[in-house]
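A note on names: the letters A, B, ... follow the listed sequences, proteins ahead of strands, and every chain is numbered from 1.
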2 protein chains.
Amino acid sequence: MQLVDLHKFKISCSNCNLAELCLPRGLSNDEMDELDKVVRQTRPLHKGDHLFRSGDPLSSLYAVRSGSIKLYIHSNDGDEQIIGFYLPGEIIGLDGMEHNSHSCSAVALETSSSCTFPYTQLTDVCKKIPALQDQMFRLMGREISYENKLLLTISKKSAEERIATFLSSLSLRFRQLGFSADEFKLSMSRQEIGNYLGLTIETVSRIFSRFQKKEYIAIDRKYIQILDRPSLEGLCKGNSSDSKNSSACS
Amino acid sequence: MQLVDLHKFKISCSNCNLAELCLPRGLSNDEMDELDKVVRQTRPLHKGDHLFRSGDPLSSLYAVRSGSIKLYIHSNDGDEQIIGFYLPGEIIGLDGMEHNSHSCSAVALETSSSCTFPYTQLTDVCKKIPALQDQMFRLMGREISYENKLLLTISKKSAEERIATFLSSLSLRFRQLGFSADEFKLSMSRQEIGNYLGLTIETVSRIFSRFQKKEYIAIDRKYIQILDRPSLEGLCKGNSSDSKNSSACS
DNA sequence: GGCATTTCTTGATTTAGATCATCATTGACG
DNA sequence: CGTCAATGATGATCTAAATCAAGAAATGCC
């Protein structure tokens with residue numbers, strides 16, 4: 001009996017403390033039970049494990065449950081572009097809904113776990129539960145807004161502004177998850193930060209050093225501390241003006 | 001009687017020659033009739049007229065019917081980033097679905113018209129017509145994939161590659177609309193092309209001249225002719241490898 | 001525990017594209 | 001039709017960030 005309850009706990013949206021940030025947001029208890037019927041837990045991912053790869057058929061959407069997942073695309077001449085770093089409660093795989101096949105690849109940056117929503121079952125539930133359809137639309141709208149802001153950051157901002165924006169966005173998202181906003185671990189390498197922001201690893205490293213010298217941050221390997229948030233956020237003034245959305249520009 | 005028929009023709013998806021590229025794609029005749037009940041035609045837009053502005057409540061989604069519409073966001077320190085140029089059959093306003101308010105602004109680049117889908121009515125119809133929900137998901141997935149590719153282009157490609165990618169994408173989209181793929185008019189200024197691609201107007205102008213010298217294109221003011229498509233497309237090798245999606249990277 | 005590999009930092013140099021500066025066209029408008 | 005403003009082309013110069021080049025530190029592996 002205990003085992004059954006434990007099992008149920010592990011795969012249920014109703015009992016998940018991320019529910020309010022995640023796919024089930026806005027659902028009634030009855031509606032969440034319907035969603036619970038389709039959600040599955042995937043085996044834990046280790047650093048470097050792929051959740052899916054570009055070209056795979058879209059079998060499922062995924063919610064990050066713990067850890068962090070990087071999405072990236074690659075061009076046919078070998079360039080790679082990281083699209084985002086996804087934290088618990090965030091949904092990945094949405095880009096695959098165009099052609100029912102993934103156009104990004106998703107890889108774990110550290111030991112991570114995710115919840116799996118088999119795609120056809122999920123869309124069937126959406127057809128039955130209007131509130132879930134609304135939430136899907138909201139999540140996809142969020143992804144589009146997020147990319148709009150990232151585009152602005154990469155296309156119009158200096159290297160310092162890009163990195164300040166990246167750090168304060170991560171900080172905000174950690175706070176929303178109930179973690180410290182002032183001290184956290186970067187699960188991605190300097191190389192990955194640079195790729196994501198359209199900079200080289202050397203530039204990222206130099207700007208981290210510069211921010212440390214100015215005492216905006218303290219950084220030790222992957223552990224970062226925000227020391228002077230106002231100065232850091234002053235550098236992000238270029239963020240999109242819609243403050244409600246500012247979390248998206250990670 | 002004639003007048004009534006004409007009126008009906010003007011606002012009906014069932015009679016629209018863009019239906020297969022646009023929101024009603026994949027709907028049966030009966031389903032299209034349901035969509036026809038909510039679609040409205042907006043008054044024509046003149047060059048510079050806004051369809052909506054960042055911050056406006058999301059009252060509707062829009063399909064471009066004729067002409068071309070530019071979407072852009074602005075940061076709170078005055079930077080502006082053009083997100084895309086939208087042609088007939090393409091849907092705009094999707095980013096607003098996160099918070100029920102537009103986070104982009106939409107402005108006509110030339111005399112244009114659009115079809116209006118009042119948002120709450122549209123989502124209600126989606127709840128009744130599964131095929132329409134599927135199509136909405138596809139369209140939003142397309143927008144996400146499009147932005148992924150644009151991000152790659154802006155972040156990783158040289159100025160020449162960006163412009164070659166821009167031109168061949170426009171060309172492809174014109175062909176899909178049944179227009180010439182080899183001769184078309186650019187409805188946007190050099191300034192706007194530069195803003196979109198993360199380049200200055202001078203760089204855009206210089207690269208157009210360079211492409212003309214190499215006889216890749218002929219350009220006269222806003223009129224452009226593709227002379228050497230293979231060379232031009234050779235420069236786009238950096239496009240995302242998923243060839244099905246290549247149209248998105250405009 | 002020690003060696004090898006990867007990741008990161010920092011300095012020197014280069015460069016693609018930005019900025020600055022004209023000038024030429026084009027188009028709008030009284 | 002002529003003036004004025006906006007748009008575009010092109011050359012000269014500058015600069016932010018890339019590239020090249022060592023080292024240093026951390027991590028993984030036997």
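The distance between atom NZ of B:Lys47 and atom C1' of C:dG27, rounded to the nearest whole Å, is 10 Å. Straight-line distance from the NZ atom of B:Lys156 to the P atom of C:dG17: 14 Å, rounded to whole Å. A straight line from CZ of B:Arg162 to P of C:dG17 spans 7 Å, rounded to a whole angstrom. In this structure, the CD1 atom of B:Ile163 is 13 Å from the C1' atom of C:dA16, given to the nearest Å. Rounded to an integer number of Å, the gap from CZ of A:Phe208 to C1' of C:dC8 is 11 Å. One interatomic measurement links the two molecules: CG of A:Leu199 to C1' of C:dT9, which rounds to 16 Å at whole-angstrom precision. One interatomic measurement links the two molecules: CD1 of A:Ile193 to C1' of C:dT9, which rounds to 14 Å at whole-angstrom precision. Atoms CZ (A:Arg210) and P (C:dG11) sit 12 Å apart, rounded to a whole Å.
Counting distance only, with no hydrogens placed and no angle test, the side-chain atoms of B:Arg190 and the base atoms of C:dT26 include no donor-acceptor pair under 3.5 Å. Counting distance only, with no hydrogens placed and no angle test, the side-chain atoms of A:Glu202 and the base atoms of C:dC8 include no donor-acceptor pair under 3.5 Å.
Enclosure of atom NZ in A:Lys47 is not indicated, since only 12 or fewer non-hydrogen atoms of other residues, nucleotides or ligands lie within 6.0 angstrom.
Between B:Tyr72 and B:His50, the two ring planes are perpendicular [angle over 60°; tilted spans 30° to 60°]. A:Phe85 and A:Phe166 have perpendicular rings, their planes meeting at more than 60° on a 0 to 90° scale where under 30° would count as parallel.
Under the 3.5 Å distance criterion, the side-chain polar atoms of B:Asn195 are matched with a main-chain donor or acceptor of B:Glu80. Proximity of a side-chain donor or acceptor of B:Thr42 to a complementary backbone N or O of B:Cys115 within less than 3.5 Å is not detected.
Neither OP1 nor OP2 of C:dT7 sits under 4.0 Å from any side-chain N or O of A:Lys222. Dashed line: the shortest gap from a side-chain N or O of A:Ser189 to OP1 or OP2 of C:dT6 is not under 4.0 Å.
Checked against a 6.0 Å centroid threshold, the rings of A:Tyr62 and A:Phe117 do not count as neighbours.
Of the residues near DNA chain D, A:Arg221 and A:Gly198, the one whose nearest nucleotide (by heavy atom distance) lies more toward the 5' end is A:Gly198. Both B:Ser205 and A:Thr203 lie near DNA chain D, and the one whose nearest nucleotide falls closer to the 5' end is B:Ser205.
With a heavy-atom cut-off of 4.0 Å to chain A, the contacted part of DNA chain D has its first and last nucleotide at D:dA17 to D:dT27.
Within 4.0 Å of B:Gly194, counting heavy atoms only, lies no atom of the nucleic acid at all. Within 4.0 Å of A:Thr200, counting heavy atoms only, lies at least one base atom of the nucleic acid.
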Test side chain to side chain contact (heavy atoms under 4.5 Å, CB included) applied to A:Ile69 and A:Val107, step by step: CA-CA 6 Å; A:Ile69 307 276; A:Val107 68; 6.0 Å; no

